[in-house]
Amino acid sequence: MLIFKFILFKFILIVLLIATYLFYRKQIHGKRLLIRLFASTILGLAILAVAFPDATTKVAGFFNIGRGVDLILYMMILFLLFAIVVLHAYLAQVKRSVTLLAREIAFMQARPAGRVKAGEEETLGKE
Amino acid sequence: MITSQDSCTKPQGGALAAPGRICVAIPAYNEEKVIHSVLQGLLAKGYHVVVVDDGSKDETYRICRELPVDVLRHPINMGYGAAQQTGIQWAIKQGFDVIVTFDADGQHVVEEIPKLTGPILSGEVEVAVGSRFLEARPEAMPLVKRLILKMAVIFTRWTTGLKMTDAHNGMRAFSRRAALTMNLTQNGMAYSSELVNWLAKSGFRWKEVPVCVRYTEYSMRKGQSIWNLFNILWEILLG
């Protein structure tokens, strides 16, 4: 019975990890609220854990993890992972935007064949 | 080391079909040594060419400007995939019916282009992809590279169901209709994988065409190192 609870906890953890990865694969776009709700929940729980340290031990006891600190550690890892995933997805979005911008610039400054503009200076320098 | 293969210099037949409707898009990065001869080879056959300079640090841009080709330049270096996409979109803007992608390093052979454009112009397919493995050729490809490419093929087949023999060949041709739906975002080498996924999902008729690739000492030095396999996998899994 005790082992079952521990496995249950691990199972939940793994499910959350997989959910995090799947969440990452989809567009982050309309999910801002969801992310903020999730982050606030975690933050709220963190504040509670600091305010009532004995409570964490009780919860940990239910899952048979050991110490409250261990429980916090597991949750912390998950939260950090989630934060990294969100940041990564956001960066990928930014990168896409930059690509589109650079492409537009390339089109605007295109030199079609045979149409040489006399005396035109290079606006694009080599860095 | 490795010199040009004789199989590539066999005379390839076939007249140039409607050259005016075809645009050859060439992504280029630091290719000042060979870009001139590559472009001349294409111009000699009457092709319209657009070169996309992916923020080269050398004289590539200046050299291209001196030839009667369209020249575009990325203000920053973004990658092979991004440069291909820019070139293709430019060709669409200019109203071309068939767009061919072609490498700047001299590995691709101009005479093979009609093999790709022919089936598209005739309406047989919307997309034609070059393959190094369709025919048994005495190519001087390093065994390791060949093995890795074959592994890529198996991976592609497994993830997309597409029976392609060469998923990472830069020599491809698209009909205008197909190219219009191609909005690929992978900037780097994972572009090829994204392209295959797009092709599988799009349902466009496609075919593979045997092409010859010249492995010169220059292109081998510049070419994809084996470790890029890891890079590509990473890009696919983690975007």
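All chains are named by letter (A, B, ...) in the order of the sequence lines, taking the proteins before the strands, and each is independently numbered beginning at 1. Only this structure's heavy atoms are used, side chains among them; waters, hydrogens and symmetry mates stay out.
- Counting all heavy atoms, side chain and backbone alike, A:Ala110 lies closest to B:Leu72 at CB-CD1, 3.7 Å.
- Nearest heavy-atom pair across A:Gln109 and B:Tyr61 is O-OH, 4.4 Å.
- Looking at B:Val69, the atoms closer than 4.5 Å to chain A (heavy atoms on both sides) all sit in the backbone: N, CA, C or O.
- Closest non-hydrogen pair, A:Thr99 versus B:Met78, comes out as CA-SD, 3.6 Å.
- Counting non-hydrogen atoms of other residues, nucleotides and ligands closer than 6.0 Å to CZ of B:Arg62 gives a total above 12.
- Here the closest heavy-atom approach between residue A:Ala106 and residue B:Arg73 is recorded as CB-O, 3.3 Å.
- Summarising the geometry of A:Ala113 relative to B:Asp70, their closest heavy-atom pair is N-OD1, 2.6 Å, with the distance given to 0.1 Å.
- Atom CD1 of residue A:Ile105 and atom CD1 of residue B:Ile76 lie 8.0 Å apart, to the nearest 0.5 angstrom.
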